[in-house]
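Every chain is numbered from 1 and lettered A, B, ... according to where its sequence line falls, protein lines coming before strand lines. All of these numbers come straight from a predicted model, not from anything done at the bench.
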There are 2 protein chains.
Amino acid sequence: MTTILVVEDERGLRQALAINLRRREYNVITAANGAAALAAAGEQPPDAVILDLGLPDMDGADIIRGLRGWTGAPILVLSARSGQTDKVLALDAGADDYVTKPFGMDELLARLRAALRRAPAAEDQPIVETAAFTIDLAGKRAHLADHAAVHLTPTEWHVLEVLLRNEGKLVPQRQLLQEVWGPAYDTETNYLRVYLAQLRRKLEPDPAQPRHLITEPGLGYRFSR
Amino acid sequence: MTTILVVEDERGLRQALAINLRRREYNVITAANGAAALAAAGEQPPDAVILDLGLPDMDGADIIRGLRGWTGAPILVLSARSGQTDKVLALDAGADDYVTKPFGMDELLARLRAALRRAPAAEDQPIVETAAFTIDLAGKRAHLADHAAVHLTPTEWHVLEVLLRNEGKLVPQRQLLQEVWGPAYDTETNYLRVYLAQLRRKLEPDPAQPRHLITEPGLGYRFSR
DNA sequence: CGTCCGCGTCAAGATGTCGTCAAGAGCCAG
DNA sequence: CTGGCTCTTGACGACATCTTGACGCGGACG
């Protein structure tokens, strides 16, 4: 899912933005000042940033440059100042768009879509390699160790993706069911048995003795490299 | 040198733009209406387009879509209309920025720099060649392996262009629909079936067994060389 | 030693998706 | 006005995927 970082010191506007974005199926992180913004961006790299320039703790252009050092994600600037020089400075510092307050929510969302359309889709899903197989989550490609291509169905990809994102950690049955099938299915453990078996049959050298897609009886499943 | 196409019916503004751009070492082509703009873009593909929406001969969104079918260059829209819906329509049709008149020249130039910075320099994927066909994205020409020319419609180009830009990677149905038809069409998977079939019929030696334009059932499509 | 529960396996029916075709609408050129 | 090209839209069969139920196995527990 697309992640948006909202940096805005005024509480009301920050929440209004977050609500509108979440309604459009974006994953939203918020920050109330420049320091928090840079910290948040480092922790969970966003696909785009909406940045208010009137922050109390840091100068706007410095935040933009700080973000630009970390990420190539597009930056949409919000500002109460409508002067040309303000806009030129922000844009030349690395911002992708500049919207003056007050602004319309529909327009902002449209500008966000335009910026995301241009962006090269952050590569937050690297390639995972094990002794037995190689998985490219972004490109949706799977190979065995001998380079034979493996075809996975949409649901198989989804299950595998959740497990790989939590590499080494145990994923409870309920979490897996909820993420893949939705909140209403959190008792249908049948599905997990069927799909884990399918993934093992396709990916594990010896499906009866899985080395990477491991069952933790009574608890859930774990992916181990 | 960077080439900018200026589309503006009012003579005074057109010349003012051209002069200011040339002073910044841009190569400028001008057009006074939509038809001339599309013709000029096909002849000498620009690196960016500055487009007035108040043209006499064509609707704004149609021009944007027309250009988008032939080029990936960023489009900056100029307009006297400041309503939100105007902006949303233009941006969703494929524009990269929307500036309301009257505007400051410095701001426009800064926005142009921002757009060009983001754009993937026009000639970074000039010609894509496969065993079956050759595609010249810049010149908008397509040949089969036996040198027979193939004619593609604007929409076909656009679909193909998105797929080629992501060579080897899977392009989700939703992304393809949003980039080609706009955010409102992200469930019309019919279109994809129709246009992929058409592209295969025109480009693949055996359309029933495609080797380069590949369907990943339930996920999307993939171009493979 | 026997029962019960969770897990892996399998198969069959239900569901959804894809490719294909064709008809109609809109648009431009002659 | 007419004809051609393109885009949209609906319908259909073929096929892959998902869902669902049944069965056997093994370990935990009484």
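- In this structure, the CG atom of A:Leu192 is 14 Å from the P atom of D:dT20, given to the nearest Å.
- Taking atom CG of B:Leu213 as the reference point, atom P of C:dT20 lies 12 Å away to the nearest angstrom.
- Checking the phosphate oxygens (OP1, OP2) of D:dC18, no side-chain nitrogen or oxygen of A:Trp181 falls inside 4.0 Å.
- Rounding to whole angstrom units, NE2 of residue A:His158 and P of D:dC18 are separated by 12 Å.
- Contact between the side-chain N/O atoms of A:Gln198 and the OP1/OP2 oxygens of D:dC18 is not found at any separation under 4.0 Å.
- With salt bridges taken as basic N to acidic carboxylate O contacts below 4.0 Å, none links A:Asp206 and A:Arg211.
- Side-chain proximity of A:Val194 to the nucleotides D:dC7, C:dC10, D:dT8 is greatest for C:dC10.
- One finds no salt bridge joining A:Lys87 and B:Asp106 here, because no Lys/Arg side-chain nitrogen approaches an Asp/Glu carboxylate oxygen to under 4.0 Å.
- For the pair A:Tyr191 and D:dC18, the criterion of a side-chain N or O lying under 4.0 Å from OP1 or OP2 is not met.
- For B:Pro154, the side-chain atoms get nearest to D:dT6 when compared with the rest of D:dT8, D:dC18, D:dT6.
- In this structure, A:Tyr221 reaches the sugar-phosphate backbone alone: every heavy-atom distance under 4.0 Å involves primed, P, OP1 or OP2 atoms, never a base.
- In this structure, CG of B:Asn33 is placed 13 Å from P of C:dC28, rounded to the nearest angstrom.
- Salt bridge annotation for B:Glu179-B:Arg165: present, with a cationic side-chain nitrogen under 4.0 angstrom from a carboxylate oxygen.
- The side chain of A:Thr189 places no N or O atom within less than 4.0 Å of a non-bridging phosphate oxygen (OP1 or OP2) of C:dG6.
- Distances shown here put a side-chain N or O of A:His151 below 4.0 Å from the OP1 or OP2 atom of D:dT17.
- Remark: A:Glu156 engages A:Lys202 in a salt bridge, criterion side-chain N to carboxylate O under 4.0 Å.
- One atom, CD of B:Glu188, and another, C1' of C:dT17, lie 15 Å apart when rounded to the nearest Å.
- Using a 4.0 Å cut-off between a side-chain N of Lys or Arg and a carboxylate O of Asp or Glu, B:Glu10 and B:Arg14 do not qualify as a salt bridge.
- For the pair B:Arg201 and B:Gly218, both in contact range of DNA chain C, the more 5′-proximal nearest nucleotide belongs to B:Gly218.
- In this structure, B:Leu196 places its CG atom 10 Å from C1' of C:dG19, rounding to the nearest Å.
- Phosphate proximity of C:dC18 to B:Gln173: present, with a side-chain N or O under 4.0 Å from OP1 or OP2.
- Phosphate contact (OP1/OP2 of C:dT20, side-chain N/O of B:Tyr195, threshold under 4.0 Å): absent.
- Map A:Thr153 and B:Arg193 each onto its nearest nucleotide of DNA chain D; the residue landing nearer the 5' end is B:Arg193.
- A close approach under 4.0 Å does not occur between any side-chain nitrogen or oxygen of B:Thr215 and OP1 or OP2 of C:dC18.
- Mapping A:Arg200 and B:Asn190 onto DNA chain C by nearest heavy atom places A:Arg200 closer to the 5' end of the strand.
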